[in-house]
Colleague: 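Sharing a structure here in structure tokens format.
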Amino acid sequence: MKLLRHGAKGAEKPALLDAQGRIRDLSGVLDDITAESLAGPLQQRLRGLDADSLPVVTQPGRLAPPWSGMGKFICIGLNYADHAAESGLPVPQEPVIFMKPTSAVIGCNDPVVLPRDSVKSDWEVELGVVIGRRARYVPVQQALDHVAGYCVVNDLSEREYQLERGGTWDKGKGCDTFGPVGPWLVTADEIADPQSLDLWLDVNGQRKQNGNTRTMVFGVAELVSYVSRFMTLHPGDLISTGTPPGVGMGQKPQAVYLKPGDTMRLGIAGLGEQEQRVHAWNPELIDG
């Protein structure tokens with residue numbers, strides 16, 4: 001099942017994508033797709049519906065983040081060995097964990113706004129793992145039982161802020177609009193193996209990243225288990241699992257970074273595609 005939300009900020013409506021790729025309105029069935037509902041019988045309730053009986057949304061407008069109430073946006077760094085190499089960093093012995101604030105989250109096609117004076121903003125296509133059941137000290141063998149579904153994430157990063165300004169990575173990862181999520185949340189039952197998904201990203205029509213989740217250093221089950229040792233995971237929390245090679249920082253013969261007017265397109269097999277246009281600093285695009 002592919003769950004989504006659409007509409008202007010603050011007025012989003014729940015929907016699902018049917019087998020023919022049509023958006024079907026769920027607002028007559030539930031008020032919203034929330035973090036709390038991911039922990040309950042939401043999926044069982046929706047599976048009992050006849051999707052063909054739901055109204056078709058012909059003009060959905062903006063695609064919003066697929067669920068509301070995300071509590072934590074957890075990211076894993078350097079989780080592809082070849083990306084670690086292009087970054088000039090060793091492959092981690094344990095997962096590298098950092099956080100994005102949830103204020104960075106935007107819809108899959110919303111404008112990306114560069115921070116004021118940014119010169120090294122970068123792209124990163126990543127598999128997102130959405131938690132559906134509370135997880136605390138979960139064994140690897142049971143970890144996937146706590147996953148509600150998967151989504152596409154663009155883990156945008158300002159490399160100067162991240163690597164040259166001291167302190168942790170968070171200041172380069174948490175800028176407003178630096179967390180596009182969606183277009184939908186694909187429930188876990190539709191993804192037979194999260195470690196066999198192709199993922200890609202283009203900038204201005206040129207392929208920059210092309211990878212597969214099979215080359216992760218730490219797989220999804222291991223990551224859910226590992227993170228649950230350090231913090232309790234709650235329904236609606238998101239784990240972004242790292243990016244394959246091809247980021248702007250790793251381009252040869254020299255790094256290439258985002259600039260106003262650039263367009264990013266990215267996607268993951270079975271999970272949909274995103275497209276964002278890059279803008280210079282403009283708070284109206286963030287708050288509007």
Side-chain angles (χ1 to χ4, degrees), residues 65 70-106 112-131 151-181 199 201 203 208-209 211 213 215-220 222-224 226-231 233 237-251 254-259 264 266 274 276 278 281 286:
M70 183 190 303
K72 294 191 286 294
F73 192 157
I74 303 156
C75 298
I76 307 300
L78 306 174
N79 197 32
Y80 289 73
D82 34 13
H83 171 56
E86 73 175 352
S87 302
L89 296 169
V91 175
Q93 297 302 303
E94 295 190 36
V96 174
I97 299 174
F98 63 91
M99 309 282 281
K100 278 182 181 282
T102 56
S103 58
V105 176
I106 58 172
V112 165
V113 180
L114 299 179
R116 186 181 294 168
D117 302 322
S118 167
V119 294
K120 293 185 179 180
S121 287
D122 204 347
W123 56 83
E124 294 188 16
V125 59
E126 304 198 2
L127 172 65
V129 179
V130 186
I131 300 299
C151 61
V152 182
V153 175
N154 191 351
D155 174 22
L156 286 141
S157 312
E158 214 300 343
R159 302 300 189 190
E160 181 188 8
Y161 299 0
Q162 177 190 0
L163 302 172
E164 301 173 29
R165 301 284 292 271
T168 64
W169 287 4
D170 299 53
K171 69 179 72 173
K173 295 284 191 172
C175 305
D176 292 336
T177 76
F178 271 28
V181 176
L199 61 170
L201 182 145
V203 178
K208 298 297 185 182
Q209 291 185 272
T213 56
T215 65
M216 284 182 180
V217 179
F218 307 102
V220 170
E222 189 171 2
L223 290 174
V224 172
Y226 184 86
V227 174
S228 78
R229 302 177 204 171
F230 300 96
M231 62 192 81
L233 297 171
D237 287 349
L238 175 64
I239 302 176
S240 198
T241 57
T243 198
V247 300
M249 181 175 62
Q251 297 296 305
Q254 64 181 20
V256 177
Y257 295 109
L258 294 167
K259 61 186 184 303
M264 292 173 285
L266 57 148
Q274 303 183 355
Q276 301 104 28
V278 179
W281 173 251
I286 299 170

Colleague: Are any side-chain N or O atoms of E158 and backbone N or O atoms of K120, one a donor and one an acceptor, separated by less than 3.5 Å?
Modeller: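 Judged by distance alone, yes, a pair lies under 3.5 Å.
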Colleague: For the pair D122 (side chain) and G248 (backbone), establish whether a donor and an acceptor sit closer than 3.5 Å, ignoring hydrogens and angles.
Modeller: yes
Colleague: Give me the atom names and distance for the closest heavy-atom approach of K171 to C175.
Modeller: O-SG, 3.8 Å
Colleague: Between M231 and I74, does the side chain to side chain contact (heavy atoms under 4.5 Å, CB included) criterion hold? Intermediate values first, please.
Modeller: CA-CA 10 Å; M231 62 192 81; I74 303 156; 3.8 Å; yes
Colleague: Kindly compute the distance separating CZ (F230) from CD1 (I97), expressed to the nearest 0.5 Å.
Modeller: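 Between F230 CZ and I97 CD1, I get 6.0 Å after rounding to 0.5 Å.
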Colleague: Please say which of V220, V224, V130, L127 ends up in a side-chain contact (heavy atoms from CB on, under 4.5 Å) with I239.
Modeller: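 For I239, the side-chain contact (heavy atoms from CB on, under 4.5 Å) check succeeds only for V224.
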Colleague: Side chains of Q276 and T177: does their closest heavy-atom pair fall under 4.5 Å?
Modeller: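 In short, these two side chains do not touch, never coming nearer than 4.5 Å.
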Colleague: With side chains defined as the heavy atoms from C-beta onward, is the minimum distance between P244 and T215 less than 4.5 Å?
Modeller: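 Counting from C-beta outward, P244 and T215 never come under 4.5 Å.
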Colleague: Apply side chain to side chain contact (heavy atoms under 4.5 Å, CB included) to residues T243 and W123 and explain how you reach the verdict.
Modeller: CA-CA 9 Å; T243 198; W123 56 83; over 6 Å; no
Colleague: How about L156 and S121: do any of their side-chain heavy atoms sit closer than 4.5 Å?
Modeller: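 SC-SC contact between L156 and S121 ruled out.
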Colleague: Apply ring-ring contact (aromatic ring centres under 6.0 Å, His included) to F98 and list each qualifying residue two or more places apart in sequence or on a separate chain.
Modeller: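 Result, ring-ring contact (aromatic ring centres under 6.0 Å, His included) vs F98: W169.
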Colleague: Can you confirm whether F178 sits close enough to I106 that some side-chain heavy atom of one is under 4.5 Å from a side-chain heavy atom of the other?
Modeller: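 A side-chain contact under 4.5 Å is absent here.
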Colleague: If you look at every heavy atom in G242 and N79, which pair is closest and at what distance?
Modeller: CA-CB, 4.2 Å
Colleague: If you define the side chain from C-beta out and look only at heavy atoms, does anything of K259 sit under 4.5 Å from V278?
Modeller: no
Colleague: Identify, with sequence neighbours excluded, every residue that meets ring-ring contact (aromatic ring centres under 6.0 Å, His included) alongside Y161.
Modeller: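 For Y161 there are no ring-ring contact (aromatic ring centres under 6.0 Å, His included) partners, ignoring immediate neighbours.
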Colleague: How many angstroms lie between atom CG of L199 and atom CD of E124, to the nearest 0.5 angstrom?
Modeller: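 Here the interatomic distance stands at 11.5 Å.
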Colleague: Check Q162 against S157 and note the closest heavy-atom contact, atom names and distance.
Modeller: OE1-CB, 3.9 Å
Colleague: Give the minimum heavy-atom separation between R116 and W281, together with the two atoms involved.
Modeller: NH2-NE1, 3.3 Å
Colleague: Does a side-chain heavy-atom distance below 4.5 Å link D176 with V113?
Modeller: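 No, too far: nothing below the 4.5 Å cut-off.
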Colleague: Between F73 and V153, is the side chain to side chain contact (heavy atoms under 4.5 Å, CB included) condition met? List the steps.
Modeller: CA-CA 11 Å; F73 192 157; V153 175; 3.9 Å; yes
Colleague: Got a second to check how far Q209's CD is from E126's CD, nearest 0.5 Å?
Modeller: 8.5 Å
Colleague: What heavy-atom pair brings P90 and A84 nearest, and what distance separates the two atoms?
Modeller: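 The answer is O-CB, 4.1 Å.
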Colleague: For D155, which residues count as a salt bridge (Lys or Arg N to Asp or Glu O under 4.0 Å) partner, sequence neighbours excluded?
Modeller: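 D155 satisfies salt bridge (Lys or Arg N to Asp or Glu O under 4.0 Å) with K100, K173 only.
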Colleague: Taking atom CD of E94 and atom CD of E222, what is their separation to the nearest 0.5 Å?
Modeller: 9.5 Å
Colleague: Going through the checks in order, is the side chain to side chain donor-acceptor pair (under 3.5 Å) test met by N154 and Q274?
Modeller: CA-CA 9 Å; N154 191 351; Q274 303 183 355; 4.8 Å; no
Colleague: Under a 4.5 Å cut-off applied to non-hydrogen side-chain atoms, are V181 and V152 in contact?
Modeller: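 They are not in side-chain contact.
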Colleague: Where do T102 and M70 come nearest, in terms of heavy atoms and distance?
Modeller: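 Heavy atoms only, the tightest pair is CG2-O, 3.4 Å.
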Colleague: Take a 6.0 Å sphere around CD of E164 and say whether it holds more than 12 heavy atoms from other residues, nucleotides or ligands.
Modeller: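 Counting other residues, nucleotides and ligands, CD of E164 exceeds 12 neighbours.
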Colleague: With rounding to the nearest 0.5 Å, note down the distance linking CG in L238 to CE in M99.
Modeller: 10.5 Å
Colleague: CG/D237 to OG/S228 distance, rounded to the nearest 0.5 angstrom?
Modeller: 11.5 Å
Colleague: Pair M216, I76 - check side chain to side chain contact (heavy atoms under 4.5 Å, CB included), show working.
Modeller: CA-CA 11 Å; M216 284 182 180; I76 307 300; over 6 Å; no
Colleague: Is any side-chain heavy atom of V112 closer than 4.5 Å to a side-chain heavy atom of P180?
Modeller: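 In contact.
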